[in-house]
Visitor: 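Dropping a structure here in structure tokens format, bear with me for questions.
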There are 2 protein chains.
Amino acid sequence: MFDETDRRILGLLQADADMPIAEIAGQVGLSASPCWRRIKRMEEAGLISRRVVLVDRVIAKVPLTIFAGVRVPSHSVDWLERFRRVIADIPEIVEAYRLAGEMDYLMRIVVPSIEIYDHVYKQLIAQLEFRDVTSSISMEEMKFTTAVPLHYL
Amino acid sequence: MFDETDRRILGLLQADADMPIAEIAGQVGLSASPCWRRIKRMEEAGLISRRVVLVDRVIAKVPLTIFAGVRVPSHSVDWLERFRRVIADIPEIVEAYRLAGEMDYLMRIVVPSIEIYDHVYKQLIAQLEFRDVTSSISMEEMKFTTAVPLHYL
DNA sequence: CTTGAAACCGGATAGCT
DNA sequence: AGCTATCCGGTTTCAAG
């Protein structure tokens with residue numbers, strides 16, 4: 001379905017989506033049109049889902065990352081769906097996962113400061129019941145990439 | 001520095017980086033050139049850091065997300081720097097944070113399966129000492145966005 | 001000093017070999 | 001797969017508010 005050349009092209013695009021096709025083609029040893037056709041094919045297959053701009057968190061005034069692990073009072077489908085709706089509407093919550101194990105859910109939240117985090121926290125507990133919420137502050141983002149490993153493809 | 005119009009433009013670009021400028025301009029009630037100039041300004045200011053393609057994790061065969069929280073044996077700068085180098089070289093580790101509190105570090109790891117996660121885990125403990133590693137499997141990605149909240153800007 | 005219209009230009013797209 | 005022709009959208013310029 002996809003070969004090593006596709007993976008190399010995709011690797012470049014995961015790093016920089018507006019690299020000119022001519023340059024990508026050059027780096028993978030192809031001329032522009034076949035390279036372009038491969039990209040098109042990866043888009044049509046849904047492998048490339050979309051292109052986005054990445055915003056600098058410090059300049060956007062949301063330098064702080066906080067993780068909130070929560071445990072639920074009741075393991076009901078109803079609670080899950082209400083939780084889903086609540087987190088969808090809070091832009092500070094950028095990631096949320098339902099976990100197997102100790103914690104029921106884990107969220108990554110980006111905010112300007114601890115004070116503002118408290119607002120988000122209150123917003124959360126005002127809308128839903130929780131058994132408990134454990135917040136961990138990130139002191140340093142050591143690695144963050146939107147690029148997924150491609151060698152299993 | 002940046003006003004509501006900039007935020008609206010940026011919001012659109014965070015959702016879809018290749019929306020034509022003419023359409024963005026239309027949506028924010030501007031014509032193409034001033035809109036283009038605003039985007040340029042946000043790029044030059046570093047607010048827009050770059051554009052990337054987002055890859056579908058299921059199609060790329062890495063559907064599984066696992067969180068690994070670790071505690072260190074020794075709180076030394078040396079250990080931290082070695083850790084930094086190790087995680088930089090493992091593409092399955094897509095995020096890593098140094099935390100304040102119970103856990104010392106938290107990583108988000110994307111893999112095809114638990115079996116492959118075990119490889120990554122072994123790769124990790126082969127290169128560094130850990131006091132302990134706690135892994136949590138994600139059953140469901142409920143929310144994931146690269147878009148940061150813009151209303152603090 | 002900022003906007004919008006319009007001309008320009010380059011790279012993305014499509015057809016053909 | 002690669003070459004070439006077309007075309008569309010980003011970029012620049014310039015006149016007007």
Side-chain angles (χ1 to χ4, degrees), chain A residues 1-61 145-153, chain B residues 1-61 145-153:
Chain A
M1 187 76 183
F2 299 106
D3 64 12
E4 179 59 23
T5 303
D6 290 311
R7 280 191 285 275
R8 288 176 61 198
I9 293 169
L10 196 48
L12 293 168
L13 288 173
Q14 282 197 128
D16 177 10
D18 36 46
M19 180 179 297
I21 290 185
E23 189 181 334
I24 298 171
Q27 294 209 23
V28 302
L30 231 53
S31 70
S33 2
C35 181
W36 177 82
R37 275 192 288 266
R38 281 168 183 268
I39 293 170
K40 256 298 140 91
R41 205 165 66 86
M42 292 192 279
E43 281 169 356
E44 276 154 26
L47 176 56
I48 293 175
S49 54
R50 60 206 180 100
R51 290 153 203 259
V52 297
V53 309
L54 262 28
V55 167
D56 185 292
R57 292 227 324 275
V58 173
I59 300 179
K61 308 251 183 72
T145 178
T146 55
V148 304
L150 298 174
H151 48 275
Y152 303 109
L153 178 62
Chain B
M1 186 75 183
F2 299 105
D3 64 12
E4 180 58 25
T5 302
D6 291 310
R7 280 191 284 274
R8 288 176 62 197
I9 293 170
L10 196 47
L12 293 168
L13 288 174
Q14 281 197 130
D16 177 11
D18 37 46
M19 180 179 295
I21 290 185
E23 189 182 332
I24 298 171
Q27 295 209 22
V28 302
L30 231 52
S31 71
S33 10
C35 182
W36 178 84
R37 275 192 288 267
R38 282 167 183 269
I39 294 170
K40 256 302 145 84
R41 205 166 66 88
M42 292 192 278
E43 283 170 353
E44 275 154 25
L47 177 55
I48 292 176
S49 53
R50 60 206 179 100
R51 290 155 206 257
V52 296
V53 309
L54 262 28
V55 167
D56 185 291
R57 292 226 323 274
V58 173
I59 301 179
K61 307 249 184 70
T145 178
T146 55
V148 304
L150 299 173
H151 48 272
Y152 303 109
L153 179 63

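Sequence lines set the chain letters: A, B, ... in the order given, protein chains first and strands last, and positions in each chain run from 1. All values reported here derive from a predicted model rather than from experimental measurement.
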Visitor: Would you mind reading off the distance between B:Ile21 atom CD1 and C:dC8 atom P, rounded to a whole angstrom?
Guide: 20 Å
Visitor: B:Ile9 CD1 to C:dT3 P: how many Å, rounded?
Guide: 10 Å
Visitor: Closer to the 5' end of DNA chain C via nearest nucleotide, is it A:Ala22 or A:Arg37?
Guide: A:Ala22
Visitor: Using a cut-off of less than 4.0 Å, is there contact between a side-chain N or O of B:Trp36 and OP1 or OP2 of D:dT11?
Guide: yes
Visitor: Report which part of the nucleic acid B:Pro20 touches: base, sugar-phosphate, or nothing (heavy-atom distance under 4.0 Å, all strands).
Guide: sugar-phosphate
Visitor: Quick one: does A:Arg41's side chain have a donor or acceptor within less than 3.5 Å of a partner on A:Phe2's backbone?
Guide: no
Visitor: Between B:Arg7 (side chain) and B:His151 (backbone), is there a donor-acceptor pair under 3.5 Å?
Guide: no
Visitor: Without swapping roles, check the side chain of A:Thr146 against the backbone of B:Leu54 for a donor-acceptor pair under 3.5 Å.
Guide: no
Visitor: Between D:dA1 atom C1' and A:Arg41 atom CZ, what is the distance in whole Å?
Guide: 14 Å
Visitor: Quick one: A:Ile39 CD1 to D:dA1 P, roughly how many Å, whole number?
Guide: 13 Å
Visitor: About how many Å separate CG of B:Leu10 and CZ of B:Arg38, when rounded to the nearest 0.5 Å?
Guide: 12.0 Å
Visitor: Is the shortest heavy-atom distance from the side chain of A:Asp16 to the side chain of B:Arg50 under 4.5 Å?
Guide: no
Visitor: Starting at atom CG of B:Asp3, determine the distance to atom C1' of C:dT2, rounded to an integer number of angstrom.
Guide: 13 Å
Visitor: Could you check how far NZ of A:Lys40 sits from C1' of C:dG11, rounded to whole Å?
Guide: 14 Å
Visitor: Look at the side chain of B:Ser31 against the base of C:dA5 and say whether a donor-acceptor pair falls under 3.5 Å; ignore hydrogens and angles.
Guide: no
Visitor: Measure from the side chain of B:Ser33, starting at C-beta and using heavy atoms only, and say which of C:dT13, C:dT3, C:dA5 lies closest.
Guide: C:dA5
Visitor: So which nucleotide from D:dA1, C:dA12, C:dG4 ends up closest to the side chain of B:Pro34?
Guide: C:dG4
Visitor: Rounded to the nearest angstrom, tell me the gap between atom CZ in B:Arg38 and atom C1' in C:dT2.
Guide: 10 Å
Visitor: Whole Å only: how far is the CE atom of B:Met19 from the P atom of D:dG10?
Guide: 12 Å
